[in-house]
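Mind having a look at this structure? Questions to follow.
Heavy-atom basis, side chains included; hydrogens, waters and symmetry copies ignored.
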Amino acid sequence: MSVYLLDYGAGNVLSVINAIESLGCELHFVTCAEDFDKADKLIFPGVGSFGACMERLNKLGYVEPLKRYIASGKPYLGICLGLQVLFASSAESPGVQGLGVIESEISRFAVSDLAVPHIGWNGLNVRVPSPVFSPDTAHKYYFVHSFLALPTAGTKGWEAATTNYGVEYVSAVQRGQVYATQFHPEKSGKSGLALVNNFLQLTTESKHLPGELRADPLPTQLAPRIIACLDVRSNDAGDLVVTKGDQYDVREKSEGREVRNLGKPVSLAQRYYEEGADEVTFLNITSFRESPLSDQPMLEVLRNTSKQVFVPLTIGGGIRDTVDPDGTPHTALEVASEYFRSGADKVSIGSDAVIAAENYIKTGIKTGLTSIETISHMYGAQAVVISVDPRRVYVNAPEDTTHHTFETKTLGPNGEKYCWYECTIKGGREARDLDAWQLVTACEDLGAGEILLNCIDKDGSGTGFDIELIRDIKSAVNIPVIASSGAGCPEHFFEAITKGKADAALAAGIFHRREVPLGDVKSYLRGVSVPVR
């Protein structure tokens, strides 16, 4: 059996490769139109925009061979964009023709009270007997998308499963030997790997998976994500270690001031995957400026992690235009692309986002050249996370500053009742005349898909997330917000999700030091009726 993967050059294909190879399957790659005829099974993972994908497929001469393969009756598995291109068109790219296998259009999410993109772990209501899709509603899978397939006359006969997020939509399709998912099975842990294995084991004698199909199932629920964060840097001996700071200071307080060493990046990431982390975030806090792009130590960390960690990986630090020690320039898009090819699903942009936002606010012009715009255009908004590093500034009254303020329950040192949040760059070392509200709204407008909301005042305190800040930023944007900084117990995660309305909550030190095991957070949330994976 020859299993081929169609890689058209966008996104994190390495994760799909690693997932398939972890199941003991030898994989081949489509490199020319003739390869479609050699495939017994074809897997097409896709991320980014509908238009860019179809443009690339047309340029490579793959559109007609792909249509013929699908019509041949041989097994096909489309993932995310690999599902959407089966449709005739998409609201994402007006005027661009899809493959037209399914005579319907992909629509844009229109849910005013929910964050878009739809990011996180949600369930399936399987609608038809299937040898690939399990009807067990206990399984959750990883979704990340801004466009969706609504049930229409054209999707009838194709609807294998539906999912709820503001609306009920088609999250998996099946007809004959054609299967496709809106979610990412390669990033959905053991449940996702089982689904991929079901496809790989397909034969003409394959039986439907056991389980009850309900005519009127309960709506699925999106689970808030619990994210493990690993701050990575080289210590004084040159070794790559995971560290953690207090208000961004990562050195020990004792004599010698050595970099705090809390473990090795890959092994810690593997541990968190086994403990149930919904995502793993690596923050490269030194950027390794002495290394050329091709030799960045974090690339190897990502490659090794993605071989054994099958949940989404985010990488932050150094996502900007850069120059190698030999003078070779690289754009932020090139830097991000290298990370995506090495196993990252998302990139987190910090200082460069602040500079881009400042320029956008000043001129009102989208140049199309910022790191946010170029990466979002190529890989989709869901691939761009903005890391916000603010600190609280107190004022007596809103008119005392030009920045966005709110009345706070935590009074300032001189009894001030109002505050605003000052953005910083360079790991909190340099303050800017920009507030967090301005930053996030500008970055959303430029094409970012998610906010990682830190708080310097809370970092390492263990006193809980800054709920006031989280609520304020949630009210500013329509994209998901990840709460970060200050977690000290499971109750703090509950507060961030329920009081702060955060879409996800992230922690580092308490997980590294096992002060609060990640699994305990999940168990606590489950016990207070918060849906978790």
Minimum heavy-atom distance Gln174-Phe133, with the two atoms named: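 For Gln174 and Phe133, the tightest heavy-atom pair comes out as OE1-CD1, 3.7 Å.
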Sidechain-backbone polar pair: Asp35 side chain, Val30 backbone, donor-acceptor under 3.5 Å: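 Here the side-chain-to-backbone pair does not exist.
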Ala476 to Val440 - nearest heavy-atom pair and separation: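 Smallest heavy-atom distance, with atoms named: CB-CG2, 4.1 Å.
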Pairwise ring pair (Phe, Tyr, Trp, His ring centres under 6.0 Å) hits with a residue in residues 171-190, at least two apart: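 Qualifying pairs: Tyr141-Phe183, Phe143-Phe183.
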Those residues that, when tested against Ala180, pass side chain to side chain contact (heavy atoms under 4.5 Å, CB included) (two or more places apart):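 Side chain to side chain contact (heavy atoms under 4.5 Å, CB included) check on Ala180 returns Leu83, Leu86, Val173.
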Side-chain heavy atoms of Leu193 within contact of Phe310, under 4.5 Å: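 Yes, at least one pair of side-chain atoms sits under 4.5 Å.
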Any donor-acceptor N or O pair under 3.5 Å, side chains Lys307, Ser22: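 No, because no side-chain N or O of Lys307 sits under 3.5 Å from a partner of the opposite role on Ser22.
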Result block: side-chain N/O donor-acceptor pairs under 3.5 angstrom for residues 195-202, not counting sequence neighbours:
unit_1	atom_1	unit_2	atom_2	d
Asn198	ND2	Val132	O	3.0
Asn198	ND2	Ala194	O	3.4

Candidate pair Met378 and Thr374, rule side-chain contact (heavy atoms from CB on, under 4.5 Å), full reasoning: CA-CA 6 Å; Met378 177 63 70; Thr374 56; over 6 Å; no
Pairs flagged by side-chain hydrogen bond (donor to acceptor under 3.5 Å, both in side chains) wherever residues 87-103 is involved - sequence neighbours left out: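 Counting only pairs at least two positions apart or across chains, no side-chain hydrogen bond (donor to acceptor under 3.5 Å, both in side chains) contact touches residues 87-103.
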Test salt bridge (Lys or Arg N to Asp or Glu O under 4.0 Å) applied to Asp278 and Arg533, Lys140, Arg225, the passing residue: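 Running salt bridge (Lys or Arg N to Asp or Glu O under 4.0 Å) over Arg533, Lys140, Arg225 with Asp278 returns exactly one hit, Arg533.
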Straight-line distance of Gln270 CD to Glu275 CD, nearest 0.5 Å: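 Reported value, rounded in 0.5 Å steps: 10.5 Å.
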Distance-minimising heavy-atom pair for Val116 and Ile479: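 That closest heavy-atom pairing would be O-CG2, 3.2 Å.
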Check against ring-ring contact (aromatic ring centres under 6.0 Å, His included), Tyr379 and Phe340: CA-CA 9 Å; Tyr379 295 103; Phe340 289 135; 4.4 Å; yes
Short side-chain to backbone donor-acceptor contact, Asp445 and Thr441, under 3.5 Å: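 A pair under 3.5 Å: no.
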Partners meeting ring pair (Phe, Tyr, Trp, His ring centres under 6.0 Å) with Phe44 (sequence neighbours left out):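 Ring pair (Phe, Tyr, Trp, His ring centres under 6.0 Å) check on Phe44 returns Tyr8.
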Asp216, CG atom: more than 12 neighbouring heavy atoms under 6.0 Å: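 No - once you tally the heavy atoms of other residues, nucleotides and ligands closer than 6.0 Å, there are 12 at most.
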Donor-acceptor side-chain pairing of Gln438 and Glu358 below 3.5 angstrom: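 Side-chain D/A pair, Gln438 to Glu358: absent.
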Derivation of the side-chain contact (heavy atoms from CB on, under 4.5 Å) call for Phe282 and Leu302: CA-CA 9 Å; Phe282 292 105; Leu302 284 168; 4.1 Å; yes
For Cys229, side chain to side chain contact (heavy atoms under 4.5 Å, CB included) partners two or more places apart: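 Expected list: Asp231, Thr281, Leu283, Leu506, Ala508.
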Qualifying ring pair (Phe, Tyr, Trp, His ring centres under 6.0 Å) pairs with a residue from residues 62-102, counting only residues at least two apart or across chains: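 Only Phe36-Tyr62 qualify under ring pair (Phe, Tyr, Trp, His ring centres under 6.0 Å).
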Between His145 and Tyr169, ring centroids under 6.0 Å: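 Yes.
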Salt bridge (charged side-chain N to carboxylate O under 4.0 Å, His left out) evaluation trace for Arg68 with Asp37: CA-CA 9 Å; Arg68 286 196 299 272; Asp37 294 328; 5.5 Å; no
Asn18-Ser306 side chain donor-acceptor pair, cut-off 3.5 Å: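 A donor-acceptor contact under 3.5 Å links the two side chains.
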Full working for side chain to side chain donor-acceptor pair (under 3.5 Å) between Ser15 and Glu186: CA-CA 6 Å; Ser15 292; Glu186 80 283 8; over 6 Å; no
Lys187/Glu279 salt bridge by N-O under 4.0 Å criterion: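 Judged by the 4.0 Å cut-off on N to carboxylate O distance, Glu279 and Lys187 do not form a salt bridge.
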Within residues 210-230 or reaching into it, pairs that qualify as ring pair (Phe, Tyr, Trp, His ring centres under 6.0 Å) - sequence neighbours excluded: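 The answer is none; no pair qualifies.
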For the student: nearest non-hydrogen atoms of Met1 and Val3, plus distance: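 Closest approach of Met1 to Val3, heavy atoms only: CE-CG2, 3.5 Å.
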Steps toward side-chain contact (heavy atoms from CB on, under 4.5 Å) verdict (Glu450, Gln382): CA-CA 7 Å; Glu450 194 167 29; Gln382 80 288 334; over 6 Å; no
Check: Thr370/Glu373 side-chain N/O donor and acceptor closer than 3.5 Å: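 The answer is yes; a qualifying pair exists.
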Nearest-0.5 Å distance, CD1 of residue Ile375 to OG of residue Ser337: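 It is 7.5 Å, given to the nearest 0.5 Å.
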Distance-only donor-acceptor check, side chains Arg320 and Ser351, under 3.5 Å: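 Per modelled atom types, Arg320 and Ser351 side chains form no pair under 3.5 Å.
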Euclidean distance, Asn58 CG relative to Glu64 CD, rounded to 0.5 Å: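 Rounded to the nearest 0.5 Å, the CD-CG separation comes to 8.5 Å.
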Exam field: side chain Asn454 to backbone Asp389, donor-acceptor pair closer than 3.5 Å: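 Between the backbone of Asp389 and the side chain of Asn454 there is no qualifying donor-acceptor contact (under 3.5 Å).
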Criterion salt bridge (charged side-chain N to carboxylate O under 4.0 Å, His left out) on Glu159 and Arg127, from CA distance to verdict: CA-CA 7 Å; Glu159 298 165 15; Arg127 300 294 189 166; over 6 Å; no
Side chain Ser188, main chain Ser191, donor-acceptor under 3.5 Å: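 Not at all, since once roles are kept as given, no pair shorter than 3.5 Å links the two residues.
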Criterion side chain to side chain donor-acceptor pair (under 3.5 Å) on Asp321 and Ser371, from CA distance to verdict: CA-CA 8 Å; Asp321 294 347; Ser371 55; over 6 Å; no
Test item: Lys522 side-chain N/O and Gly276 main-chain N/O as donor-acceptor pair under 3.5 Å: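 Answer holds: yes.
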Nearest atoms (heavy-atom pairs only) where Ala336 meets Val347: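 It is CB-CG1, 4.1 Å.
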For Lys74, salt bridge (Lys or Arg N to Asp or Glu O under 4.0 Å) partners two or more places apart: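 Partners of Lys74 by the salt bridge (Lys or Arg N to Asp or Glu O under 4.0 Å) criterion come out as none, since no residue qualifies.
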Minimum heavy-atom distance Arg303-Glu338, with the two atoms named: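 Residues Arg303 and Glu338, closest heavy atoms: NH2-OE2, 4.4 Å.
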Heavy atoms of other groups near Arg214 CZ, more than 12 under 6.0 Å: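 No.
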NE2/His377: more than 12 non-hydrogen atoms of other groups inside 6.0 Å: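 Not more than 12 within 6.0 Å, no.
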Sequence-distant partners of Ala161, side chain to side chain contact (heavy atoms under 4.5 Å, CB included), two or more places apart: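 Testing Ala161 for side chain to side chain contact (heavy atoms under 4.5 Å, CB included), a comparison that skips the adjacent residues, returns Leu124, Val126, Ser171, Ala172.
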Side chains of Asn125 and Thr220, donor plus acceptor under 3.5 Å: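 No donor-acceptor contact under 3.5 Å links the two side chains.
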Salt bridge (Lys or Arg N to Asp or Glu O under 4.0 Å) partners of Glu21, counting only residues at least two apart: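 Once residues adjacent in sequence are excluded, Glu21 has no partner under the salt bridge (Lys or Arg N to Asp or Glu O under 4.0 Å) criterion.
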Side-chain donor/acceptor of Arg471 to backbone N/O of Lys499, under 3.5 Å: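 Yes.
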Sequence-distant partners of Leu222, side chain to side chain contact (heavy atoms under 4.5 Å, CB included), two or more places apart: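 Checked Leu222 against side chain to side chain contact (heavy atoms under 4.5 Å, CB included); matches are His118, Asn122, Tyr165.
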Side chains of Thr322 and Val335 in contact at under 4.5 Å (non-hydrogen atoms):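 Yes, at least one pair of side-chain atoms sits under 4.5 Å.
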